[in-house]
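These notes concern the structure reproduced below.
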Amino acid sequence: TDSVAEVRIAAMAKVGALLASLFADEPRPLADASPLAAFLRMVCNMASSASCHRRANCVQICTSLVADLPPQLTREHLLAELATLAEDRVPNVRLLVARL
């Protein structure tokens, strides 16, 4: 069993609120060099990980981001990856996307 799973899940649930607070004044559209854009790219890279746990974590982070970031950002930066994960080979990853 994973002894820190509950902490990790709770932390991932707060990522969106944290980023929304930190980058509230970030100009739109995002510059490629902005820290927020870099973070979103890192999350998107998790979607293609060989590890199903990482892909599941990606969906959990995206769930938090979708709730707290402007819809335009989630559409531009996360939607394509989430669509791909909706057809993931692992049922638990697909279930997480469905719950989103």
Side-chain angles (χ1 to χ4, degrees):
T1 62
D2 186 352
S3 62
V4 295
E6 289 182 37
V7 174
R8 184 175 49 253
I9 291 168
M12 285 187 287
K14 298 299 181 185
V15 168
L18 177 64
L19 291 179
S21 296
L22 289 173
F23 297 107
D25 297 329
E26 187 87 8
R28 308 288 192 269
L30 291 179
D32 285 340
S34 80
L36 181 54
F39 179 81
L40 293 174
R41 279 192 302 275
M42 182 184 70
V43 171
C44 289
N45 287 339
M46 291 173 68
S48 59
S49 174
S51 165
C52 67
H53 300 290
R54 244 183 219 207
R55 294 192 311 273
N57 287 344
C58 174
V59 177
Q60 291 168 322
I61 292 169
C62 286
T63 299
S64 177
L65 295 173
V66 166
D68 292 306
L69 291 181
Q72 177 188 356
L73 282 179
T74 57
R75 237 184 343 266
E76 290 174 6
H77 296 277
L78 304 174
L79 191 58
E81 301 303 331
L82 288 169
T84 301
L85 290 170
E87 298 177 4
D88 196 87
R89 64 185 178 274
V90 176
N92 286 350
V93 174
R94 293 192 310 264
L95 183 61
L96 287 169
V97 176
R99 287 182 179 161
L100 185 116

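Residue-environment remark: CZ (R54) stays at or below the threshold of 12 foreign heavy atoms within 6.0 Å.
Atom OG in S34 sits 8.0 Å away from atom CG in D32 (nearest 0.5 Å). Taking CG of L19 as the start and CG of L40 as the end, the distance is 7.5 Å to the nearest 0.5 Å. Here the CD1 atom belonging to I9 is positioned 14.0 Å from the NZ atom belonging to K14, to the nearest 0.5 angstrom. For the atom pair R89 CZ and R55 CZ, the distance stands at 4.5 Å (nearest 0.5 Å). Taken to the nearest 0.5 Å, the OG atom of S64 stands 8.5 Å off from the CD1 atom of I61. For the atom pair M46 CE and H53 NE2, the distance stands at 12.0 Å (nearest 0.5 Å).
In terms of heavy-atom proximity, R94 sits nearest to D88 at NH1-O, 2.6 Å. When all heavy atoms are compared, the tightest approach of L96 to A56 is CD1-CB, 3.6 Å. The shortest non-hydrogen separation linking L82 to C62 is CD2-CB, 3.8 Å. Pairing each heavy atom of V90 with each of C52, the nearest pair is CG2-CB, 3.7 Å. Across all non-hydrogen atoms, the minimal contact from V43 to C58 is O-SG, 3.2 Å. Taking both residues in full, the closest heavy atoms of E81 and A47 are given as OE1-CB, 3.6 Å, listed atom of the first, atom of the second, then distance.
L79 and L69 are members of different hydrophobic clusters when ILVMFWY side chains are connected at heavy-atom separations under 4.5 Å. Tracing side-chain contacts under 4.5 Å through hydrophobic residues (I, L, V, M, F, W, Y), one reaches M42 starting from V15; they form part of the same cluster. Linking ILVMFWY residues whenever their side-chain heavy atoms come closer than 4.5 Å, directly or via other members, leaves V97 and L95 in distinct clusters.
Counting heavy atoms from C-beta on, the side chains of L30 and L73 come closer than 4.5 Å.
Under the 3.5 Å distance criterion, the side-chain polar atoms of S49 are left unmatched by any main-chain donor or acceptor of N45.
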